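Every chain is numbered from 1, with letters handed out A, B, ... down the list of sequences. None of these values were measured; they are calculated from a predicted model.
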Amino acid sequence: MKKLINSPDSVIADALRGMAAAHPSLAVDLENRVVSRAGGATQGKVGLVSGGGSGHEPLHGGYVGYGMLDAAAPGEVYTSPVPDQILAATKAADGGAGVLHIVKNYTGDVLNFRMAAELADDDDIRVVSVVTNDDAAVEDSTYTAGRRGVGGTVFVEKIAGAAAEEGADLDTVAGIATHVNEVTRSFAIALHAGTVPAAGKPGFDLADDEVELGVGIHGEPGRERGSMAPVHDLVGYSLDVIHADRPLSGDLLVMLNGQGGTPLIELYGAFAEAAAWIEGHGARVARSLVGNYITSLDQQGFSISVLALDDDLLRLWDAPVATPALRWGR
Amino acid sequence: MKKLINSPDSVIADALRGMAAAHPSLAVDLENRVVSRAGGATQGKVGLVSGGGSGHEPLHGGYVGYGMLDAAAPGEVYTSPVPDQILAATKAADGGAGVLHIVKNYTGDVLNFRMAAELADDDDIRVVSVVTNDDAAVEDSTYTAGRRGVGGTVFVEKIAGAAAEEGADLDTVAGIATHVNEVTRSFAIALHAGTVPAAGKPGFDLADDEVELGVGIHGEPGRERGSMAPVHDLVGYSLDVIHADRPLSGDLLVMLNGQGGTPLIELYGAFAEAAAWIEGHGARVARSLVGNYITSLDQQGFSISVLALDDDLLRLWDAPVATPALRWGR
Amino acid sequence: MAFDTATATAWITAAEAAVKADEARLTGLDAAIGDGDHGANMARGLSAALTNIAEKAPTTPGDVLVSAGRGIVAKTGGASGPLYGSAFRRAGKALGDAASVEAPELGAALEAALTAIKELGGANEGDKTMIDALAPAVAAFQAIAADGGPIAMAAAAAADAAEQGLAATIPLQARKGRASYLGPRSVGHEDPGAASTTLILRALAEVTA
Amino acid sequence: MAFDTATATAWITAAEAAVKADEARLTGLDAAIGDGDHGANMARGLSAALTNIAEKAPTTPGDVLVSAGRGIVAKTGGASGPLYGSAFRRAGKALGDAASVEAPELGAALEAALTAIKELGGANEGDKTMIDALAPAVAAFQAIAADGGPIAMAAAAAADAAEQGLAATIPLQARKGRASYLGPRSVGHEDPGAASTTLILRALAEVTA
Ligand SMILES: Nc1ncnc2c1ncn2[C@@H]1O[C@H](COP(=O)(O)OP(=O)(O)O)[C@@H](O)[C@H]1O
Ligand SMILES: Nc1ncnc2c1ncn2[C@@H]1O[C@H](COP(=O)(O)OP(=O)(O)O)[C@@H](O)[C@H]1O
Ligand SMILES: [Mg+2]
Ligand SMILES: [Mg+2]
Ligand SMILES: [Mg+2]
Ligand SMILES: [Mg+2]
């Protein structure tokens, strides 16, 4: 393993120092490991907090700023943050109108955020949690941990963030976040596993003719191993799974996301296939993102997230946003 | 080799289809391989054209838009575009006030752009060319091909683009572009070579304890092979080279750029080291970019580009820009 | 031998050492069906437990376990942080402020830990989690304690039962935690949390032997 | 044998075949000290030359070479596109509209090609470029032509000289093109452009033999 790091132990601390130096628009609390807006919480606005394991950059710290998150709590690589840390983020985001926790559905994230919400309650901060679980690769069932929260989390953060900026109250913002999660589906394929610094080797090994179908964002194996194929087929397979789970029609927001180690030129090639598939099925790409938005360190592969737009969602998506990783309109 | 492609031959065509589908703000001429602004050339404004081999995405197509380029001509992977193609881009960018060619200093790019400029002259389009050569890794000499144009090209495109948008005439825009190139230096280190789709294997092999020092952006070996070291040392080495070539002082624009395969969390860690080095040498990071801005496919490593700011350059850097890869202020 | 402040502290100390010694194995198990951080998580968590015990200087075995649990929750993250943290805290609370307890009380404390994990995580026996090691261990411990057996014997039986429970996770398909995302592909591997639970109970057996 | 339209066309056809057959080798040489695309560039360029010849259906050897050059410039890119493209175009122009030429005229055309490359790229002998194969080849060709030797003999000598020139690039440090960025590390390798020039001249020797 060769990594651009000082030591596996210092990766998060070093990255946070870097974020602090790079983005004057952010306040980075190195002690508590909280990234928040430099100006502090916006009084009277619902605060948005997200967090989870590190290694998914720009998620979540890169989405802190006007129109999106108020604070983020990055844990160790692929490990959810701890309750005290999430509490600190919640306090940094609290402008008196309550705080929304956006939590990806993993046992660790859910439990630590739940504990943090209880601590916040002790401090009289009203917290509502929305758990994202947009991964169509995982079979859903009440007997299991359910589906994972993956790429759709970016949509939730952007759209709920816009609603909060417009002045919606906590329950309304939470309702919108829940709705966004419900109308979003994602699917991912990996070509080569990423390497966790502390582990020192890739999370799984694949032969040159193999891919992992239906992976999450933590370098874990997928729901099955498949054969390497042209990008046309890999994208088609992904959209077939999504479409079977929630038929695609009308105007769509489509994210063709890289897992961190795939070059942008290939992501554009994959997006071309996605757009063609979608047009071919009578739906329409109304808005899109192509690039690295929710990654798995240096993993090679892609994910597709698709959201069914309506007028409200479109307006909130188009609303101004100014974060390190997503910015338009100001 | 596993790549998210249909075939090595279709990589550029597929990526251009993807860009067209993803960015309504762009007009993509699939036939001539030209990416330009959807609205066409701005009448009365100096047009900016750049281009070069593909594989460096988002450079150059991702920098087409308000405040930056008017058109880009992407060649085959790592191969400069051909004269007819550059001519087509030049025509797409021509708003009647002449066109600036921003050319990275490689024999192929220089020759093909020179031929295109001659063709444009036949069509009565006035072209001025600025050749970027900011790579401090290469010894400069009039007896050789000279230094390479690397990361500083992004600065040139942004700042000259802002000047053109302000209404500066062709000679003024060219003068600013030349000045930006002169006050910029870059240096890059690679940990693992990228893979050109047609070649099918990495451009060079490195052991786990080796790095290439002073690489360019085409997957070529560097000026020497060095030992793997903590990111603190690798960044320090790079800035030492840059500082020895052109002493760093005052307000700086600093780009900590990834080569395509290095995770963002590591780039932030590297930027922390760069910022500390710079502060330690009495200079100041006034503006920065951290991320993948000029890449080498999936190569792992980083480059640092540093520009000495003055009030004019700062104003032009801060001016609004709206391209797929660089956007603020609108 | 009774379970007092020194023994409780020795338990956490031994558990930390055992987890650190086997960190790579735990991580390997988690890499196969999870995200490859269980070794690091447990090492960080039990270090934090020791640090918190050193800081708080608890004077009862119950307080030792509460301090351990708080330290674990505060520093571990992941699924194992809240689960093990609550388990130790609730076990400590069950011991009350006794200066020293015997097998039946320690058995009840272990049962409280199991209940805490079940409540928080919503998992049950057979879901391929740490519960599959802990539940049979608690039963074995309590059976011996009910017969008037000493802590040493009960703890040894608990560790053995945990080990069998760990082995029994291999053919299971995970229904909770990260491994559940793998569906049928989670079959054929030991559950990492069951493995760390086994280490922790073996440490208890060793310090009480 | 004189150099006429058919021979000129056969030359480009044979050159294209030779480059395609050796594409991987050319790419390998370029990967070592450049960017690993010379094989693909030359294959694409000479294919374009053939396509353009087929389209233009030139009726003189000069026009064949001009068509080849235009095709190369239009489709190759890189350093080799303009350099080889100009070389063939200028060679073709040097032949004028003769229906067939002999060794002295063909020698002069090859010299025009060399001059074109030198003017455009600013390189000279010893800079470790295609010039290091072409310059001695032109000299060898012209020496035999000046003695009244036939094209076949002159072309064979040119190919041999190019081969020696190619070998002589190994110890050189590159001063032009991409390899120059490597500084001293460019020593110890054949120059890819010199290698493709050698292939092209060997093809000339074969079709005129
Ligand atoms: N809902 C649950 N109930 C009980 N134990 C669980 C639950 N979810 C996960 N676990 C346990 O946690 C272990 C994984 O812990 P760890 O790897 O540290 O956390 P994470 O899964 O967040 O990376 C699993 O092997 C399993 O034993
Ligand atoms: N200035 C120059 N003059 C003559 N030949 C050159 C010059 N620069 C490069 N070359 C030749 O071009 C070859 C490289 O061609 P190619 O790989 O196709 O282009 P690129 O370097 O743009 O990738 C070199 O091996 C060298 O022989
Ligand atoms: Mg984890
Ligand atoms: Mg090239
Ligand atoms: Mg884990
Ligand atoms: Mg080359």
(request) Answer with side chain, backbone, both or neither: which region of C:Ser86 has an atom nearer than 4.5 Å to a non-hydrogen atom of chain A? (result) side chain
(message) Using heavy-atom distances under 4.5 Å, tell me whether C:Asp37 contacts chain A through its side chain, its backbone, both, or neither.
(response) side chain
(request) Measure distances from A:Arg225 to the heavy atoms of chain C and classify the residue's part below 4.5 Å as side chain, backbone, both or neither. (result) both
(request) Check each atom of C:Ala40 against the heavy atoms of chain A and say whether the ones under 4.5 Å are side chain, backbone, both or neither. (result) neither
(request) Could you tell me which portion of C:Ala32 (side chain, backbone, both or neither) has an atom closer than 4.5 angstrom to a non-hydrogen atom of chain A? (result) backbone
(message) Are the side chains of C:Ile131 and C:Ile117 in contact, using a 4.5 Å heavy-atom criterion?
(response) yes
(request) With the side chain counted from C-beta on, respond yes when A:Glu220 and A:Phe204 share a heavy-atom pair under 4.5 Å apart, and no when they do not. (result) no
(request) Pick one of side chain, backbone, both or neither for A:Asp84, based on which atoms fall under 4.5 Å of a heavy atom in chain C. (result) side chain
(request) Could you tell me which of C:Gly177, C:Ala31, C:Gly36 has the largest number of non-hydrogen atom pairs under 4.5 Å with chain A? (result) C:Gly177
(request) Mark yes or no for whether C:Arg185, through its side chain, and A:Gly222, through its backbone, hold a donor-acceptor pair below 3.5 Å. (result) yes
(message) Please tell me whether A:Tyr293 and A:Tyr63 form a close aromatic pair, meaning their ring centres lie under 6.0 Å apart.
(response) no
(message) Counting only non-hydrogen atoms closer than 4.5 Å, does A:Pro81 touch chain C with its backbone (N, CA, C, O), its side chain (CB onward), both, or neither?
(response) backbone
(request) Taking atom types as modelled, find out whether C:Ser196 and C:His38 have a side-chain donor-acceptor pair closer than 3.5 angstrom. (result) yes
(request) Using distance alone, with no hydrogens and no angle criterion, decide if A:Lys104 and A:His56 have a side-chain donor and acceptor under 3.5 Å apart. (result) no
